[in-house]
Amino acid sequence: MSRRSSPQRNRSPRAKAAIAAYIADIDSTNSAGSASNLPSFVVQQLRQALLSWYAHQGRDLPWRHSRDPYAIWISEIMLQQTQVTTVIPYYRRWLQRFPNVDSLAAADLQDVLKTWEGLGYYARARNLHRAAQTIGQQHGGRFPQQFDQALALSGIGRTTAGGILSAAFNQPWPILDGNVKRVLTRLIALDCPPSQALPELWDLSTTLLSPTQPRDFNQALMDLGATLCTRRHPNCQQCPWQPYCRAYNLNVQSELPMSEARGPLPHKHIGVAVIWNDQQQILIDRRRPQGLLGGLWEFPGGKIEAGETVEACIQREVQEELGIHVEVGKQLTTVDHAYSHFKVTLNVYHCRHRQGEPQPLECDEIRWVTLEEISQFPFPKANLQIIAALQQAHHLPT
DNA sequence: AAAACGTGGGC
DNA sequence: TGCCCAAGTTT
């Protein structure tokens with residue numbers, strides 16, 4: 001095994017060229033292509049400009065009122081791939097429901113998922129739950145202050161570990177989230193997608209980080225990306241880094257960062273069963289803990305095969321998943337939904353249980369529930385639309 | 001190491 | 001409508 005030169009090292013000549021050009025623009029005698037060679041007076045000015053901008057223009061966010069590593073941890077996890085305005089109400093509810101590590105560690109996973117319901121990427125909630133138990137068992141119930149120990153917790157990667165430790169303890173760890181990638185990409189006018197220059201962007205984030213005010217610096221960098229250096233229509237006139245920004249000087253700020261190529265998403269057609277028994281109850285199942293929507297409840301169903309009718313699909317899927325025979329009745333609704341990596345159309349039909357005792361053949365658990373009870377269970381968004389349709393039909397005057 | 005993993009906003 | 005993307009991590 002001799003091919004050990006880290007894979008990314010030779011794959012980002014454009015990143016090195018961009019940094020070299022950035023440095024050369026400042027100091028024409030300097031041809032270095034590494035962030036660590038940035039002239040120190042530039043680093044000082046960038047830090048100072050950003051920190052004083054943040055002191056006046058920084059956002060007032062709920063978790064910034066806290067130095068409790070638990071509360072900050074929760075916010076960092078919720079903010080992964082999720083916008084601030086979406087997170088805030090979830091954050092407040094979560095801290096009421098689970099105010100500390102112990103309460104989270106002791107909670108039932110179903111309650112954890114119910115509190116997370118609607119936020120998406122449910123592995124985050126499962127990981128939070130597992131990490132709380134790890135903290136209880138291995139760290140005496142206190143969030144670890146060592147980077148490697150934080151990084152080892154489920155759901156915490158390099159950016160989240162740095163974000164938590166810098167925000168909670170003012171430790172000098174760099175971060176590289178979507179905001180920071182965009183800001184730094186524009187600063188040096190990086191002419192390739194950020195994913196192809198991650199080592200260089202990490203180096204840059206590390207070099208720029210204020211060693212004396214890492215907490216404020218990291219928060220400021222994210223605020224800059226979120227409020228001025230936005231994806232569309234960046235507000236360069238208000239930007240504290242405008243004099244130092246290579247993208248601005250080249251007038252390419254609106255073209256950067258370069259986008260990552262993505263293919264079209266597959267579209268799946270699904271037959272879904274709302275199965276009724278004679279007690280006005282509906283059959284729901286809990287998905288296995290791993291993978292898509294793991295641990296959430298759903299209405300049984302599955303993919304419609306080529307040449308298959310929806311009715312035949314539903315009968316077949318229900319037989320395979322639950323070992324029962326149903327009679328497929330009239331259609332309840334249709335739901336279109338887009339996940340991150342495919343799209344679905346849910347064709348939802350009322351069904352009647354005819355034969356066999358339901359068994360959890362391809363799921364973790366099954367239950368008969370009334371319409372009143374159903375809201376106690378965590379469901380994915382697409383299924384909440386089905387429940388809404390059921391409740392609407394139920395409340396119709398007879 | 002590329003693909004999996006949710007949902008909502010904005011245009 | 002459809003597409004891109006947002007405080008990324010895991011396998």
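So you know, we letter chains A, B, ... as the sequences are listed, proteins then strands, and number each from 1. None of the values given here were measured: they were computed from a predicted structure.
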Closest of B:dC5, C:dT10, C:dG8 to the A:Ser340 side chain is B:dC5
Looking at A:Ser205 and A:Leu201, would you say the former's side chain and the latter's main chain have a donor-acceptor pair under 3.5 Å?
no
Which whole-number value in Å describes the distance from A:Glu117 CD to B:dT7 P?
9 Å
Comparing nearest nucleotides in DNA chain C, the 5'-proximal residue of the pair A:Gly178, A:Pro264 is A:Pro264
Classify A:Thr82 by what it touches in the nucleic acid, base, sugar-phosphate, or nothing, heavy-atom distance under 4.0 Å.
base
In whole Å, I'd like the distance from the CD atom of A:Glu76 to the P atom of C:dA6.
16 Å
If you look at every strand shown and take non-hydrogen atoms under 4.0 Å, does A:Val84 touch a base, only sugar-phosphate, or nothing?
base
Does A:Tyr121 make a side-chain N or O approach to OP1 or OP2 of C:dA6 shorter than 4.0 Å?
no
A:Arg182 side-chain N/O to C:dA7 phosphate OP1/OP2 under 4.0 Å
yes
Atom-to-atom span, CD1 of A:Ile88 to P of C:dA7 - whole angstrom:
13 Å
If I pick the P atom on B:dA3 and the same atom on C:dC4, what distance separates them, to the nearest angstrom?
16 Å
Are side-chain heavy atoms of A:Pro378 and A:Trp116 found at a separation under 4.5 Å?
no
With heavy atoms under 4.0 Å as the rule, sort A:Pro380 into base, sugar-phosphate or nothing.
sugar-phosphate
Salt-bridge present (A:Arg288, A:Glu362; N to O < 4.0 Å):
no
Which part of the nucleic acid, if any, lies within contact of A:Gly163, taking any heavy atom under 4.0 Å across all strands shown: a base, the sugar-phosphate backbone alone, or nothing?
nothing
Looking only at side-chain atoms of A:Tyr339, point me to the closest of C:dG8, C:dA7, B:dG6.
B:dG6
Rounding to a whole Å, what distance do you find between A:Lys181:NZ and C:dA6:C1'?
11 Å
Tell me whether A:Asp285 is salt-bridged to A:Arg367, with the criterion being a basic N under 4.0 Å from an acidic carboxylate O.
no
Using OP1 and OP2 only, check whether a side-chain N or O of A:His341 sits under 4.0 Å from B:dC5.
yes
Atom pair distance, as rounded to whole Å: CG in A:Leu128 and C1' in C:dG8:
14 Å
Can you tell me the distance, in whole Å, between the CZ atom of A:Arg124 and the C1' atom of C:dT10?
13 Å
Note: A:Asp223-A:Arg64 ion pair, threshold 4.0 Å (strictly below)
yes
Considering only the C1' atoms, how many Å lie between C:dT11 and B:dA1, rounded to the nearest integer?
10 Å
Pick base, sugar-phosphate or nothing for A:Ser154, based on heavy-atom distances below 4.0 Å to the nucleic acid.
sugar-phosphate
Grouping I, L, V, M, F, W and Y whenever their side-chain heavy atoms are under 4.5 Å apart, do A:Trp276 and A:Ile324 come out in a common cluster?
no
Going hydrophobic residue to hydrophobic residue with side-chain gaps under 4.5 angstrom, can you get from A:Phe379 over to A:Trp368?
no
Which part of the nucleic acid does A:Lys343 contact within heavy-atom distance under 4.0 Å: base, sugar-phosphate only, or nothing?
sugar-phosphate
Among residues 48-67 of chain A, which ones have heavy-atom contacts with DNA chain C below 4.0 Å?
A:Arg59, A:Leu61, A:Trp63
Are there any protein N/O atoms within less than 3.5 Å of an N/O atom in nucleotides 8-11 of chain B, and if so, which ones and at what distance?
unit_1: B:dG8; atom_1: OP1; unit_2: A:Lys381; atom_2: NZ; d: 3.2

Between A:Arg352 and A:Glu327, is there a salt bridge with N-O shorter than 4.0 Å?
no
Looking at A:Trp94 versus A:Phe98, is the centre-to-centre ring distance below 6.0 Å?
yes
Classify A:Ile77 by what it touches in the nucleic acid, base, sugar-phosphate, or nothing, heavy-atom distance under 4.0 Å.
nothing
When you measure from the side chain of A:Asn170 to the backbone of A:Arg215, do you find a donor-acceptor pair of N or O atoms at a distance under 3.5 Å?
yes
Is the ring centre of A:His341 less than 6.0 Å from the ring centre of A:Tyr339?
no
May I have the distance from A:Leu176 (atom CG) to C:dG8 (atom C1'), rounded to whole angstrom?
10 Å
Could you measure between the two C1' atoms, the one in B:dA2 and the one in C:dA7, and give it in whole Å?
23 Å
In numerical order, the residues of residues 287-295 of chain A whose heavy atoms come under 4.0 Å of DNA chain B are A:Gly291, A:Leu292, A:Leu293
Keeping the roles fixed (side chain from A:Ser52, backbone from A:Gln48), state whether a donor-acceptor pair exists under 3.5 Å.
yes
Rounded to whole Å, the CE-C1' distance (A:Met222 to C:dA7) equals 6 Å
Distance under 6.0 Å and angle within 45° of the ring axis: does A:Arg124 meet both against A:Tyr121?
no
